[in-house]
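Whatever order the structure lists them in is the order used to number ligands and atoms, beginning at 1.
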Amino acid sequence: MTFAPLAPYPALRLRRLRQADWVRRLVRETQLTPADLIWSAVVHEGEGRVPVPSMPGVERWSVAEAAKAAKEAKALGIPAIAIFPHIDGAAKDPEGSAAGDPEGLVCRTVRAMKEAAPEVGVMCDVALDPFTEHGHDGVIEGGRILNDATIERLVEQGLVQAQAGCDILAPSDMMDGRISALRSALEAAGLQDTMIMSYAAKYASAFYGPYREAIGSGKLGSGSVANPADKKTYQMDPSNSEEALREVALDISEGADMVMVKPGLPYLDIIQRVVEAFRLPTFAFQVSGEYAMLMAAAQNGWLDHDRAVLETLGAFKRAGCAGVITYFAPVAARLMGA
Ligand code: PBG
């Protein structure tokens, strides 16, 4: 970036362009709209809606409620919904077998949503953790998360999701090579239009805590198999950013259409670097812990909820994101006048 020479003060008074709302709007550099949002949501096997205690305002939806929400998204101008399943303990096993069930919760939800509102995109997480009793995103052997054996399971899972009508597969597992495996399986199955948004730079973060409660995730570090207590052998080290660029480059070369950085706000520097380096649609995931943090402060009267929601989401646009995956999507769309 090179700047034109600056006039010296008082010829230059930067406050001139801030003096009224109309001129602030006129010179605004970035704009958040409902079209920038992907609504992150949790679904369950039960009836109706069940609140998630650590995420005030977020509820687990039944399949029927998810279909209603798809219509709501359409009315609010929200382009897509990302669904995450809460799986009953009895349906889990060490390999996460239920992930590949074409009649499972995720596939039934996708079909119901696409029937209710075909104009709204549906995105599915490709990862085993909702389905494994140990809560890891992969198959474990001797306390190690197996890369290639996990990919085989992810391909089965991605294929049934795509066949059910899922528009965007979003692999969040961080196994090496999963994008090319998914892409070639989709091509071979005649599903060449299914999009892939890879969780390319996903960090081993403390900010996923509330999500694990929301989906009833298995407890890391316990269970019937030797079970590592964290995801650090597959998710990225929060200290690294060069590595994030390598992860993104790899996923693009393997056929990802879009990439994601996760979590969001603590990783704005990564988002900006990815956008500058690769110039492809880049998304941020404002994760459960970011949501919970903001809601807790707002509920205590310590933050202005509405302003803080729009300011954090706007920060992702300023950093260069095409859009944001967020639990605030409907709230934010309404705040924007939808
Ligand atoms: C699992 C997955 C996680 C999230 C999305 N997919 C948790 C994890 O990796 O442990 C987190 C979402 C959130 O915190 O909102 N593959």
For [atom], what is the nearest protein heavy atom, given as residue, atom name and distance?
atom                    : value
atom 9 (O) of ligand 1  : K202 NZ, 2.6 Å
atom 6 (N) of ligand 1  : D125 OD2, 2.9 Å
atom 10 (O) of ligand 1 : R212 NH2, 2.5 Å
atom 12 (C) of ligand 1 : Y211 CD1, 3.3 Å
atom 1 (C) of ligand 1  : D129 OD2, 2.9 Å
atom 5 (C) of ligand 1  : K262 NZ, 2.6 Å
atom 14 (O) of ligand 1 : S288 OG, 2.7 Å

Looking at every heavy atom in both [X] and [Y], which two are closest together, and how far apart are they?
X    : Y    : result
I87  : K92  : O-CE, 3.2 Å
P56  : Y291 : O-OH, 2.5 Å
A73  : I81  : CB-CD1, 3.9 Å
F207 : S205 : N-OG, 2.9 Å

For ligand 1, note which part of [X] has a heavy atom under 4.0 Å away: side chain, backbone, both or neither.
X    : result
F285 : side chain
V287 : both
S172 : both

Below 4.0 angstrom from a heavy atom of [X], which ligand 1 atoms are there? Numbered from 1 as shown, please.
X    : result
Q235 : 8 (C), 9 (O), 10 (O)
K231 : 8 (C), 9 (O), 10 (O)
Y208 : 8 (C), 9 (O), 10 (O), 11 (C), 14 (O)
D137 : 1 (C), 16 (N)
A127 : 16 (N)
Y327 : 12 (C), 13 (C), 15 (O)

When you measure from the centre of the six-membered ring of Y208, is the NZ or CZ of K202 under 6.0 Å away and within 45° of the axis?
-> yes
Would you mind telling me which of D36, T33, T30 makes a side-chain hydrogen bond (donor to acceptor under 3.5 Å, both in side chains) with K317?
-> D36
Using modelled atom types only, decide if a donor and an acceptor are shared between the side chain of D167 and the backbone of V122 within a distance under 3.5 Å.
-> yes
Is there a side-chain contact between D137 and I145, using heavy atoms and a 4.5 Å cut-off?
-> no
Does the side chain of E133 reach to within under 4.5 Å of the side chain of P94, using non-hydrogen atoms?
-> yes
For [X], does the [atom1] atom sit with more than 12 other heavy atoms under 6.0 Å from it, leaving out its own atoms?
X    : atom1 : value
E47  : CD    : no
E311 : CD    : no
R49  : CZ    : yes

D173, any N or O under 3.5 Å of ligand 1 N or O | no
Report yes if some N/O of Y199 lies less than 3.5 Å from some N/O of ligand 1; otherwise report no.
-> no
Would you check whether E290 reaches within less than 4.0 Å of ligand 1, judged by its heavy atoms?
-> no
